[in-house]
Asker: 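Here it is: the structure, laid out below.
When reading the values below, keep in mind they use all heavy atoms of this one structure, side chains included, and skip hydrogens, waters and symmetry mates.
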Amino acid sequence: MIDYHLPLVSISEAILVLSENLTIDFANPAALRMMCFEGDCPRDLSLRDLFEASSVAVAQEVESVLTLTGHWSGDIWLRRADADASPLPVRLVVDRYQDGNGTRHACIMSDISQRMQTEARLRELSQLDSLTGLFNRAYFLRQLESKLHTLRREERQYALLFVDVDDLKEINDTQGHHIGDLCLREVARRLRLAIQRSQHAVGDHSPDASETLVARMGGDEFVILLPVSTGDEALHIARTIGHVMNDPWQSGEGQQLTISTSIGIAYAPLHGSSSEQLLQLADRAMYEAKSSRKGSVHEFIWQRQPQDQLGFETGFDTLTTES
């Protein structure tokens, strides 16, 4: 009998030959290495056994498609023989064919882990502001719209803090734009620090860190979105930001600078459930803060509505100015 598998031994691609009932008849050395087998592949191993445990439904779909069409291709997580080896993302292509021994299926497996890492990195970069490393405007707006869309169903409340860096134009004009960029990076670092400190201080009653979004909207404007149960939580973070910003910092070129921020706060659903309206009102509150006194905090004032309708405490309807 002719051994049809000999030419496959030296091929660098991972190749399997399956029987008509989809059990593995042959695995070339590249496939054995990919599956972490030492020596030959077990004879009773089937196509379904290649799939990571959580992909059983996908394996069943592949078998059904192969029965009907004789062809399937797609990305899977490959289960490996070594228990210490993580499942490997691979591109799997399966084709039915006939040879001197009857019906067979040829499988080609390609490691796509590098491609997936590259794609994940590109997705990450598309979400981030290149200067500060915070989320960018486009990503923040998508997330804001998504959270506001589910606001009523989940009976949750959010605070939107609109943060503006005071006198950045003056820093750019007198110190240079490279110092202004360093200032923006420092503001981003301190915003993260302020949120971290406020959450540690409040403890179990702090907003969920995983749901707190911090982004740079562009220029000298930043935004923070966080779930809240009372207005005090947002005010506490705003005050913490003010305290953290007050500390002078070294620009790295021997210059000591002081940063301050003006902050406006609006609440959803109290002030609206659309991203455009909420941003507009928080922005207006920020300009009120800046015109009143730089480095201050203002909450937007809105017509009082019944507490039992919205679930907000009365602190949400007050105007607050903090140094």
Asker: Taking side chain to side chain contact (heavy atoms under 4.5 Å, CB included) as the criterion, tell me which of L148, L279, L226 meets it with L160.
Answerer: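 The side chain to side chain contact (heavy atoms under 4.5 Å, CB included) with L160 is passed solely by L279 among L148, L279, L226.
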Asker: Nearest 0.5 angstrom please: R197 CZ to I237 CD1, how far?
Answerer: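 The CD1 atom of I237 is 13.5 Å from CZ of R197, to the nearest 0.5 Å.
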Asker: Do you know the tightest heavy-atom contact between C36 and A81?
Answerer: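 Between these two residues, the closest heavy atoms are O-CB, 3.5 Å.
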Asker: Under the side-chain contact (heavy atoms from CB on, under 4.5 Å) rule, collect the residues that match up with A194, sequence neighbours excluded.
Answerer: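 With sequence neighbours excluded, A194 shows a side-chain contact (heavy atoms from CB on, under 4.5 Å) to T240, I241, V244, given in chain and number order.
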Asker: Determine whether F51 and M34 fall in the same hydrophobic cluster, where Ile, Leu, Val, Met, Phe, Trp and Tyr are linked whenever their side-chain heavy atoms lie under 4.5 Å apart.
Answerer: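 As far as the 4.5 Å side-chain criterion goes, M34 and F51 are connected within one cluster.
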Asker: Once salt bridge (charged side-chain N to carboxylate O under 4.0 Å, His left out) is applied, do any residues pair with D164, and if so which ones, sequence neighbours excluded?
Answerer: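 With neighbours one apart ignored, the set is K290.
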Asker: Going only through I, L, V, M, F, W and Y residues with side-chain contacts under 4.5 Å, is there a path from I195 to L184?
Answerer: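 Yes, one cluster joins them.
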Asker: Between R185 and D181, does any NZ, NE, NH1 or NH2 come within less than 4.0 Å of an OD or OE carboxylate oxygen?
Answerer: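 Answer for the salt bridge query: no.
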Asker: Within this structure, what is the OG1-CG distance for the pair T132 and L191, rounded to the nearest 0.5 Å?
Answerer: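 T132 atom OG1 to L191 atom CG measures 9.0 Å (nearest 0.5 Å).
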Asker: Verify side-chain contact (heavy atoms from CB on, under 4.5 Å) between I171 and I179, making sure each step is shown before the conclusion.
Answerer: CA-CA 7 Å; I171 293 174; I179 298 297; 4.0 Å; yes
Asker: Checking N21 now: which residues fulfil side-chain contact (heavy atoms from CB on, under 4.5 Å) with it, not counting sequence neighbours?
Answerer: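 Testing N21 for side-chain contact (heavy atoms from CB on, under 4.5 Å), a comparison that skips the adjacent residues, returns S19, T23.
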Asker: Using side-chain heavy atoms (C-beta onward) and a distance below 4.5 Å, is I259 in contact with V165?
Answerer: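 A side-chain contact exists here, since the closest heavy-atom pair is under 4.5 Å.
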Asker: Mark yes or no for whether N136, through its side chain, and S126, through its backbone, hold a donor-acceptor pair below 3.5 Å.
Answerer: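 Yes; judged by distance alone, with no hydrogens or angles, the pair exists.
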Asker: So how far is it from I224 CD1 to L134 CG, rounded to the nearest 0.5 Å?
Answerer: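 It comes to 9.0 Å.
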Asker: Taking the side chain as C-beta and beyond, is there a heavy-atom pair between Q157 and P227 under 4.5 Å?
Answerer: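 Q157 vs P227: side chains apart.
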Asker: If you compare all heavy atoms of A268 against all heavy atoms of G272, which two are closest, and at what distance to 0.1 Å?
Answerer: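 Closest pair (atom of A268, atom of G272, distance): CB-O, 3.4 Å.
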Asker: Applying the 4.5 Å side-chain criterion to the ILVMFWY set and letting contacts propagate, would I108 and V94 be lumped into a single cluster?
Answerer: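 In one cluster with I108: V94, no.
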Asker: Within the distance-only criterion (no hydrogens, no angle test), does the side chain of R48 pair as donor or acceptor with the backbone N or O of E63 below 3.5 angstrom?
Answerer: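 Flag not set: sc R48 to bb E63 has no pair under 3.5 Å.
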Asker: Are L22 and V90 in one and the same hydrophobic cluster, where Ile, Leu, Val, Met, Phe, Trp and Tyr link if side-chain heavy atoms are under 4.5 Å apart?
Answerer: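 As far as the 4.5 Å side-chain criterion goes, V90 and L22 are connected within one cluster.
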Asker: What's the separation between atom CZ in R123 and atom CD in Q127, rounded to the nearest 0.5 Å?
Answerer: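 Nearest 0.5 Å value for the CZ-CD distance: 8.5 Å.
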Asker: Return the minimal non-hydrogen interatomic distance between L16 and A27, and the atom names on each side.
Answerer: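 Minimum heavy-atom separation between L16 and A27: CD2-CB, 3.4 Å.
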Asker: Check whether any side-chain heavy atom of F135 lies under 4.5 Å from a side-chain heavy atom of V214, and answer yes or no.
Answerer: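 Result no, sub-4.5 Å side-chain heavy-atom pair not found.
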Asker: Counting only N and O atoms by type, is there a donor-acceptor contact under 3.5 Å from the side chain of S146 to the main-chain atoms of R142?
Answerer: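 The answer is no, because no donor-acceptor pair under 3.5 Å joins these two groups.
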Asker: Okay, side chain of D173, backbone of G176: is any donor-acceptor separation there less than 3.5 Å?
Answerer: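 No: the side chain of D173 does not pair with the backbone of G176.
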Asker: Determine whether more than 12 heavy atoms belonging to other residues, nucleotides or ligands lie under 6.0 Å from atom CD of Q98.
Answerer: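 Atom CD in Q98 is packed in, count exceeds 12.
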Asker: I'd like to know if the side chain of T69 and the backbone of L66 have a donor-acceptor N/O pair within less than 3.5 Å.
Answerer: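 Not confirmed, T69 side chain does not pair with L66 backbone.
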Asker: I would like to know whether L182 and W249 meet side-chain contact (heavy atoms from CB on, under 4.5 Å); could you show each step before the answer?
Answerer: CA-CA 10 Å; L182 291 175; W249 66 283; 3.9 Å; yes
Asker: Do I76 and E52 make a side-chain contact, defined as non-hydrogen atoms from C-beta onward lying under 4.5 Å apart?
Answerer: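 The answer is no, as the side chains (C-beta and beyond) never meet within the 4.5 Å cut-off.
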Asker: Does M217 form a side-chain contact (heavy atoms from CB on, under 4.5 Å) with F222? I'd like the steps, not just the answer.
Answerer: CA-CA 5 Å; M217 297 297 279; F222 297 80; over 6 Å; no
Asker: Where do S73 and V93 come nearest, in terms of heavy atoms and distance?
Answerer: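 Between these two residues, the closest heavy atoms are CB-CG2, 4.0 Å.
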Asker: E211 and R156: salt bridge (Lys or Arg N to Asp or Glu O under 4.0 Å), yes or no, with the steps?
Answerer: CA-CA 12 Å; E211 293 196 51; R156 305 189 70 179; 2.8 Å; yes
Asker: Under a 3.5 Å distance rule, please check whether N28 uses its side chain to pair with a backbone N or O of I15 as donor and acceptor.
Answerer: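 Looks like yes, one N/O pair under 3.5 Å.
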Asker: Do R91 side-chain atoms and D111 backbone N/O form a donor-acceptor pair below 3.5 Å?
Answerer: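 Not at all, since once roles are kept as given, no pair shorter than 3.5 Å links the two residues.
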Asker: Would you indicate whether the side-chain heavy atoms of R79 and L50 approach each other to under 4.5 Å?
Answerer: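 With C-beta onward as the side chain, the pair stays apart.
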Asker: Check the hydrophobic clustering (I, L, V, M, F, W, Y; side-chain heavy atoms under 4.5 Å; chains of links allowed) and say if L88 and L92 are grouped together.
Answerer: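 Looking at the clustering, L92 is in the same group as L88.
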Asker: Please list, chain by chain and in numerical order, all residues satisfying side chain to side chain donor-acceptor pair (under 3.5 Å) with S274, sequence neighbours excluded.
Answerer: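 Side chain to side chain donor-acceptor pair (under 3.5 Å) check on S274 returns nothing, list empty.
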Asker: Out of curiosity, E276 CD to E145 CD, how far, rounded to the nearest 0.5 Å?
Answerer: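 With rounding to 0.5 Å, CD (E276) is 9.5 Å from CD (E145).
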Asker: Rounded to the nearest 0.5 Å, how far apart are CZ of R190 and SG of C183?
Answerer: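 The distance works out to 9.0 Å.
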Asker: Side-chain contact, heavy-atom cut-off 4.5 Å: F162 with I263?
Answerer: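 Sidechains of I263 and F162: no contact.
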Asker: Does a side-chain heavy-atom distance below 4.5 Å link I265 with L235?
Answerer: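 A side-chain contact exists here, since the closest heavy-atom pair is under 4.5 Å.
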Asker: Measure across R96 and T67 and return the closest heavy-atom pair with its distance rounded to 0.1 Å.
Answerer: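 Here R96 and T67 meet closest at NH1-O, 3.7 Å.
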Asker: Are a donor atom and an acceptor atom from the side chains of S229 and E233 found within less than 3.5 Å of each other?
Answerer: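 S229 vs E233: donor-acceptor pair found between side chains.
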Asker: Before you tell me yes or no, could you show the steps for M35 and L78 under side-chain contact (heavy atoms from CB on, under 4.5 Å), namely the whole-Å CA-CA distance, both residues' side-chain angles and the distance that decides it to 0.1 Å?
Answerer: CA-CA 8 Å; M35 296 185 293; L78 178 68; 4.1 Å; yes
Asker: With the side chain counted from C-beta on, respond yes when V17 and Y97 share a heavy-atom pair under 4.5 Å apart, and no when they do not.
Answerer: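 In short, these two side chains touch, coming nearer than 4.5 Å.
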Asker: Over all heavy atoms of both residues, which pair between A159 and A234 is shortest? Give the atoms and the distance, please.
Answerer: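 Shortest heavy-atom separation between A159 and A234 comes out as CB-CB, 3.6 Å.
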Asker: Going by the side chain to side chain donor-acceptor pair (under 3.5 Å) test, which pairs reach into residues 214-227, not counting sequence neighbours?
Answerer: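 Those involving residues 214-227 are D129-R216.
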Asker: Taking only residues two or more places apart in sequence or in another chain, which ones pass ring pair (Phe, Tyr, Trp, His ring centres under 6.0 Å) with F37?
Answerer: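 Scan of F37 (ring pair (Phe, Tyr, Trp, His ring centres under 6.0 Å), adjacent residues dropped) gives none.
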Asker: For E119, look at atom CD and say whether over 12 heavy atoms of other residues, nucleotides or ligands are found less than 6.0 Å away.
Answerer: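 More than 12 heavy atoms, drawn from other residues, nucleotides or ligands, come within 6.0 Å of this atom.
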Asker: Main chain of G218, side chain of R137: is a donor-acceptor contact present, judged purely on distance under 3.5 Å?
Answerer: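 Between the backbone of G218 and the side chain of R137 there is no qualifying donor-acceptor contact (under 3.5 Å).
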